[in-house]
Amino acid sequence: TALRADTIDGLAPEVSVPTYDRSRVRTGIVHFGVGGFHRAHQAMYIDRLLEQGGATDWGICGVGVLPADRRMRDVLAAQDGLYTLSVTEPDGTWRTRVIGSIIEYLYAPDDPEAVIEKLADPATRIVSLTITEGGYNFSATTGEFDAAAPAIRADLAPDRLPRTVFGLVTEALVRRRARGIAPFTVMSCDNIEGNGHIARATFAAFARLRDRELGDWVESAVRFPNSMVDRITPVTPAEASAELSRRYGLEDRWPVVTEPFTQWVLEDSFTLGRPDLDDVGVQLVADVAPYELMKLRLLNASHQALAYLGYLSGYRLVHEAAQDPDFRRFLLRYMDREATPTLRPVPGVDLDRYKHTLIERFSNPAIGDTIARLCAESSDRIPKWLLPVIRQQLGGRQGSGEIDCAATIVAAWARYAEGFDEHGEPIDVIDRLRDQLKALARRQRDDPTAFLSDRTVFGDLIDQTRFVDAYVTALRSLHARGAEATVAELARDER
Ligand code: NAD
């Protein structure tokens, strides 16, 4: 059975489906970046609320701005906005539900004006984002918004309809202001420390490039709540559609597969209200910072360790690396001795348990998460998740914090960026900065700190002797003995 509004009532009984009347749901949220994660997380929470009989004014209109989003437009159009979310348990059990909360989808290049008017509509009260860490267009070292980026310059040209998320959202805010409609809330759900602060800074910076006073207004009148979001959602595995068809006789052209765990900690700061997310398990708090530090520095930074060290050790699936006893000890050592000292007290969380749960989550074979997904866009990730740990460990408590595992993860990235593995096989490095990083990495057999000399990525870390020593030791070990032995050596010290 093809998934559509008129077929969901006849689906296999194991598949749960929306029982609410979707025709009565109105758009209250416009979401940029409808990918795997949004569909496993925010759209799932809104679907839960709808199922409980609430949130009928909080339906979601998805928006895509990049050429790659054409496929999402076509799939959602064919399926009336419906898709399946399958939660996979480590023992192979699937729990599949059809999610009904996305009621519209607009592909911005088709009609930017329609997107602007949807955003300007008084019914739109929240604009949410999962546009990836790179989507915010700011430098990780200086924090400055990159006004010279070609897409941003094009969006600022007079008399041209905007194409970026910045241009579209800002134009809509201008129209709302002119029409006397209060601004919506901009809610970032990306994995960036202080994602709300970053969104505020970047959207205000863009608006300021249009008009100084407009920038000040965006900064003060629009709310940008911070959030910590967590649910490991891989790129949809190639066999997922076939699996749905085999299990339930159901044809979904772009399903989502995810893990059982889910968490969303959200700062309660909204201009025009919000759905009752606390009714469906979202934690609304005054200060998200301790939670997001915990998540980015434990989960996301550990993912970076599994990525490069895992790849170089020959692993291609995340759970295989995470089940390797040396990797588990390496991760625990990094988390206990390097990341944890940089965290703040996290209300209501048992950190020890959290770390062990993370390793169990990484080890879940049913999600099929790939090392390749974790290796992509490293230059947007390492500086945001791992380098802050290193800087803090170098600076804190007389600068005596341990950094050996973190330095090894950075060195493994540098080794990976050489573009071939330990057997001489080519690596497909996916990174905006690929060419410049590869060129530096290829010099490092002679000049071991060549990779660190890129100050746009590493800032002044190359001047920090204690870090450079640890990094060069790790890089030498990776070259001489390989990743497995390097991980094993650091793992030996951890019980
Ligand atoms: P995805 O590749 O499935 O979707 C990414 C979406 O972002 C696409 O629609 C893409 O067009 C859009 N996008 C990318 N760059 C953009 C830009 N410059 N402007 C506007 N839109 C842009 O990825 P995903 O798994 O859905 O993850 C998206 C983000 O969600 C991550 O980068 C991360 O910040 C956050 N997140 C993901 C996970 C996860 O496990 N996948 C977990 C927590 C948080």
Side-chain angles (χ1 to χ4, degrees), residues 30-44 60 62-73 75-76 83 85 102 105-109 112 115 127-138 145-146 149-152 154-155 162-169 186-196 198-199 202-203 206 227-237 240 254-259 261-266 291-292 295-296 298-300 302-303 306-307 318 358 361-362 364 367-370 372-374 376-378 380-381 384-385 430 432:
V30 175
H31 183 82
F32 284 81
V34 177
F37 180 65
H38 173 73
R39 296 195 298 153
H41 197 258
Q42 186 181 326
M44 177 278 299
I60 298 169
V63 176
V65 304
L66 298 184
D69 293 312
R70 251 186 236 129
R71 184 174 156 225
M72 190 61 77
R73 170 196 66 188
V75 168
L76 291 180
Y83 63 93
L85 177 64
I102 300 182
Y105 187 87
L106 299 172
Y107 175 61
V115 174
V127 174
S128 54
L129 312 170
T130 48
I131 55 174
T132 78
E133 297 75 45
Y136 293 82
N137 193 52
F138 73 103
F145 186 71
D146 180 8
I152 297 298
D155 259 15
R163 308 225 150 228
T164 71
V165 60
F166 295 103
L168 294 161
V169 166
V186 176
M187 178 172 77
S188 165
C189 297
D190 278 294
N191 280 328
I192 305 179
E193 190 177 321
N195 54 10
I198 296 289
T202 52
F203 280 89
F206 178 88
S227 64
M228 180 271 247
V229 291
D230 190 4
R231 185 169 226 187
I232 297 173
T233 310
V235 177
T236 304
W254 201 345
V256 186
V257 174
T258 194
E259 64 168 343
F261 185 93
T262 181
Q263 191 176 17
W264 189 359
V265 185
L266 179 60
Y291 299 91
E292 60 179 355
K295 194 257 174 174
L296 297 173
L298 297 178
L299 187 156
N300 295 94
S302 292
H303 258 164
L306 290 165
V318 178
L358 277 184
R361 292 171 61 198
F362 295 153
N364 181 349
I367 328 179
D369 202 8
T370 59
R373 179 181 81 92
L374 307 184
E377 304 302 345
S378 329
D380 286 331
R381 296 175 163 191
K384 296 184 173 97
W385 301 337
I430 295 174
R432 273 183 314 123

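Since this is a predicted model, take the numbers as computed values, not measurements. Any value given below was found using the heavy atoms of this structure, including those in side chains, with hydrogens, waters and symmetry copies removed. Counting from 1, the numbers follow the sequence of the chain as shown. Start at 1 and go down the list; that is how both ligands and their atoms are numbered.
When only modelled atom types and interatomic distance are considered, T132 and E377 share no side-chain donor-acceptor pair under 3.5 Å. A side-chain N or O of K295 and one of N191 form a donor-acceptor pair less than 3.5 Å apart.
Considering every non-hydrogen atom in both V115 and A108, the closest pair reads CG2-CA, 3.8 Å. Nearest heavy-atom pair across S227 and L266 is CB-CD1, 3.8 Å. Between I198 and E193, the closest heavy-atom pair is CG1-O, 3.8 Å.
Within 4.0 Å of ligand 1, heavy atoms belong to protein residues G33, V34, G35, G36, F37, V65, L66, D69, T130, I131, T132, E133, G135, C189, D190, N191, V229, R231, I232, T233, K295, R373.
Note: H38 and H31 have parallel aromatic rings, judged against thresholds of 30 and 60 degrees for the angle between ring planes.
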